[in-house]
K.L.:
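The structure's right below; bear with me while I get my questions together.
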Amino acid sequence: MKKFFLFLMVAATFYACNSTKNSVSSKGDSKHFGSKISANGAVTYDQLLTDLNSKDSMKVKVVGTVEGVCQVKGCWMNIVSDDAGKPKMFVKFKDYGFFMPKDISGRKVVMQGIAYREVTAVDELRHYAEDAGKSAAEIALITKPKEELKFMASGVVLLD
C-alpha cells in the first residue's frame, strides 16, 4: 500500500512539473504568488532551522534566499541560509496552484506555509535533478532516498 501511495505522489509531481500552468500570480502582479501575503511576522530561515530542531513540522512564515528554481516550469525551489554549511529546504506549492519565475535565484522571498521533514524517493530525487539541469552522470549517482527539509507554501512574495 505504501508503494502505491508513493507511486501516486511521484506521478502527481511529474504531472505537475509538466503541466502548462502559468507562473504569474493570480493576484495580478509579479511579486505575489498563491495567497497574497506580506513580509510582516516572518522569521529568518536560520530561526526556522532552530525552531524545527524540536518539532516534526510547523506552520510558519519565513524569509529566505532562493538557491534554485525548477527550470522546466517553476514548480519547486530551494531555499538556503546565508550561512554556509546549513541544509537547504525544498519548497513546493500548495495544490500546484502557482509556480515561481525561473530566474529568481539569489532573490529573497517570504513564504507562508508548513515546514516539515520527509524522505524523498530515488525516482523523485532524480526527477528534480533533471528539472534542475543536472547531467545524466550526476542523475545516475542518485541511488538512495534522502531525508530532506521541505516546505509546502500557500503563498510567496518576492522581496525587492
K.L.:
Atom CG of D131 and atom CZ of R126: how far apart are they, to the nearest 0.5 Å?
P.N.:
14.5 Å
K.L.:
K61 side chain to S38 main-chain N or O, any donor-acceptor pair under 3.5 Å?
P.N.:
yes
K.L.:
Closest approach of P145 and A121, non-hydrogen atoms and distance?
P.N.:
CB-CA, 4.4 Å
K.L.:
What are the two closest heavy atoms between L158 and S30, and how far apart are they?
P.N.:
CD1-O, 3.7 Å
K.L.:
NZ of K92 to SG of C75: how many Å apart, nearest 0.5 Å?
P.N.:
9.5 Å
K.L.:
Group every Ile, Leu, Val, Met, Phe, Trp and Tyr by side-chain heavy-atom contacts under 4.5 Å, then state whether I104 and Y45 land in the same group.
P.N.:
yes
K.L.:
Determine the minimum heavy-atom distance between V156 and V109, stating which atoms define it.
P.N.:
CG1-CB, 4.0 Å
K.L.:
So which residues get pulled into V63's cluster when ILVMFWY side chains under 4.5 Å apart are joined, directly or through others?
P.N.:
I37, V110, V157, L159
K.L.:
So, taking the atom named CE in M111 and the one named CE in M77, what distance separates them when rounded to the nearest 0.5 Å?
P.N.:
5.0 Å
K.L.:
Is there a path of hydrophobic side-chain contacts, each under 4.5 Å between heavy atoms, that joins V80 and V66?
P.N.:
no
K.L.:
Any salt bridge (Lys or Arg N to Asp or Glu O under 4.0 Å) involving residues 103-112? Give me the pairs, sequence neighbours left out, ordered by first then second residue.
P.N.:
D82-K108
K.L.:
Residues two or more places apart in sequence or in another chain: which of them pass ring-ring contact (aromatic ring centres under 6.0 Å, His included) with F151?
P.N.:
none
K.L.:
Does the side chain of D123 come under 3.5 Å of the side chain of H127 through a donor N or O and an acceptor N or O?
P.N.:
no
K.L.:
Could you give the distance from CG (L149) to CE (M89), rounded to the nearest 0.5 Å?
P.N.:
5.5 Å
K.L.:
Provide the closest heavy-atom pair for P101 versus V69 in the form atom of the first, atom of the second, distance.
P.N.:
O-CG1, 3.6 Å
K.L.:
Given the side-chain rings of F98 and F33, with only the six-membered ring counted for Trp, is the space between their centroids under 6.0 Å?
P.N.:
no
K.L.:
Is Y116 linked to F90 within one hydrophobic cluster, defined over Ile, Leu, Val, Met, Phe, Trp and Tyr using a side-chain heavy-atom separation of less than 4.5 Å?
P.N.:
no
K.L.:
Apply salt bridge (charged side-chain N to carboxylate O under 4.0 Å, His left out) to E67 and list each qualifying residue two or more places apart in sequence or on a separate chain.
P.N.:
K88
K.L.:
Taking all heavy atoms of A132 and all of W76, pick out the closest pair and write down the distance.
P.N.:
CB-CH2, 3.9 Å
K.L.:
If you look only at pairs with a residue in residues 146-160, which of them pass as a side-chain hydrogen bond (donor to acceptor under 3.5 Å, both in side chains), with sequence neighbours excluded?
P.N.:
K31-D160, E118-K150, T120-E148, T120-K150
K.L.:
Rounded to the nearest 0.5 Å, how far apart are CD of E130 and CD1 of I142?
P.N.:
10.0 Å
K.L.:
Please tabulate, for side-chain N and O atoms in residues 48-59, each donor-acceptor pair with protein atoms closer than 3.5 Å (sequence neighbours left out).
P.N.:
unit_1 : atom_1 : unit_2 : atom_2 : d
T50    : OG1    : D46    : O      : 3.3
D51    : OD1    : Q47    : NE2    : 2.7

